[in-house]
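This report concerns only the one structure given below.
Counting starts at 1 for both ligands and their atoms, following the listed order.
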Amino acid sequence: MSTSSVSQLHVWLKDAHAMEEQAEQMLTAQAKRLEHYPKLKERINQHIEETKSQADRLEGCLKSMDESPSTMKDVSGKFAAIGQAIGGSMASDEVVKGGIASYAFEHFEIANYRALIAAADELGENQIREVCKGILEEEVNMAKWLEDNLDDITKAFLSRAESEALEGKR
Ligand code: MG
Ligand code: FE
């Protein structure tokens with residue numbers, strides 16, 4: 001039996017909600033370990049606030065649809081693998097690996113919202129479409145920031161590693 005389009009949109013919104021909860025967890029884990037990278041830390045903290053608000057906005061969309069949100073928990077943990085790549089690494093180069101993983105994750109979010117926007121548009125769910133467009137813009141901005149800053153983050157990491165190595169030799 002095929003799922004109705006409205007139910008499908010509802011499922012995708014729930015998936016996006018789980019994605020944002022996962023994003024909040026991994027961004028929070030990442031921000032904790034960035035004391036030497038204040039600019040990156042500040043941008044991640046800003047995106048944590050955006051991410052929390054995105055989850056709230058998606059909840060609003062889910063509530064506006066005439067379906068029970070009772071299975072909300074079913075999909076949490078779905079993105080755990082990506083989460084570990086971003087927030088779970090304790091490697092010495094975690095700032096670079098985290099930057100790379102975040103850059104990939106933002107594009108994963110972008111793709112999800114593009115699909116949601118198309119689905120909402122197709123169903124005439126204009127309010128949901130506009131909410132998703134607003135969220136999409138925040139993801140695009142975060143992806144762009146990472147794109148613009150990954151070079152500097154990588155170079156800063158290397159020069160820190162270099163001076164730590166020199167200090168070790170003295
Ligand atoms: Mg997000
Ligand atoms: Fe994001």
Stepwise salt bridge (Lys or Arg N to Asp or Glu O under 4.0 Å) test for R57 and E20: CA-CA 11 Å; R57 279 174 271 167; E20 296 305 345; over 6 Å; no
E49: salt bridge (charged side-chain N to carboxylate O under 4.0 Å, His left out) partners, not counting sequence neighbours: K52
In short, L13 meets C61 closest at the heavy-atom pair CD1-CB, 4.1 Å
How far apart are the C-alpha atoms of E106 and W145, what are their side-chain angles, what is the distance that settles it, and do they pass the side-chain contact (heavy atoms from CB on, under 4.5 Å) test? CA-CA 11 Å; E106 292 306 328; W145 190 93; over 6 Å; no
Residue E109 atom name (nearest to the Fe ion (ligand 2); N/O/S): OE1
Suppose we only count N/O/S atoms under 2.8 Å; would E138 qualify as near the Fe ion (ligand 2)? no
Shortest non-hydrogen pair, L40 vs V95, comes out as CD2-CG2, 3.7 Å
To make sure I understand the geometry: which N, O or S atom in E139 is closest to the Fe ion (ligand 2)? OE1
From the N, O or S atoms in E106, identify the one nearest to the Fe ion (ligand 2). OE1
What N/O/S atom of H47 is the closest to the Fe ion (ligand 2)? NE2
Report the residues that fulfil salt bridge (charged side-chain N to carboxylate O under 4.0 Å, His left out) with D152, sequence neighbours left out, ordered by chain and then residue number. none
Show all protein N/O/S atoms under 2.8 Å from the Mg ion (ligand 1), or state that there are none. E20 OE1, E20 OE2, Q54 OE1, E109 OE2, E139 OE2
For H107, what residues pass the ring pair (Phe, Tyr, Trp, His ring centres under 6.0 Å) criterion, not counting sequence neighbours? Y103
Is it true that R160 and E164 make a salt bridge, defined as a side-chain N closer than 4.0 Å to a carboxylate O? yes
Report yes or no: does E20 have an N/O/S atom closer than 2.8 Å to the Fe ion (ligand 2)? no
Using 2.8 Å as the threshold, say whether any N, O or S atom from E50 sits that close to the Fe ion (ligand 2). no
So, for H47 and E50, which heavy atoms are closest and what is the spacing to 0.1 Å? ND1-OE1, 2.6 Å
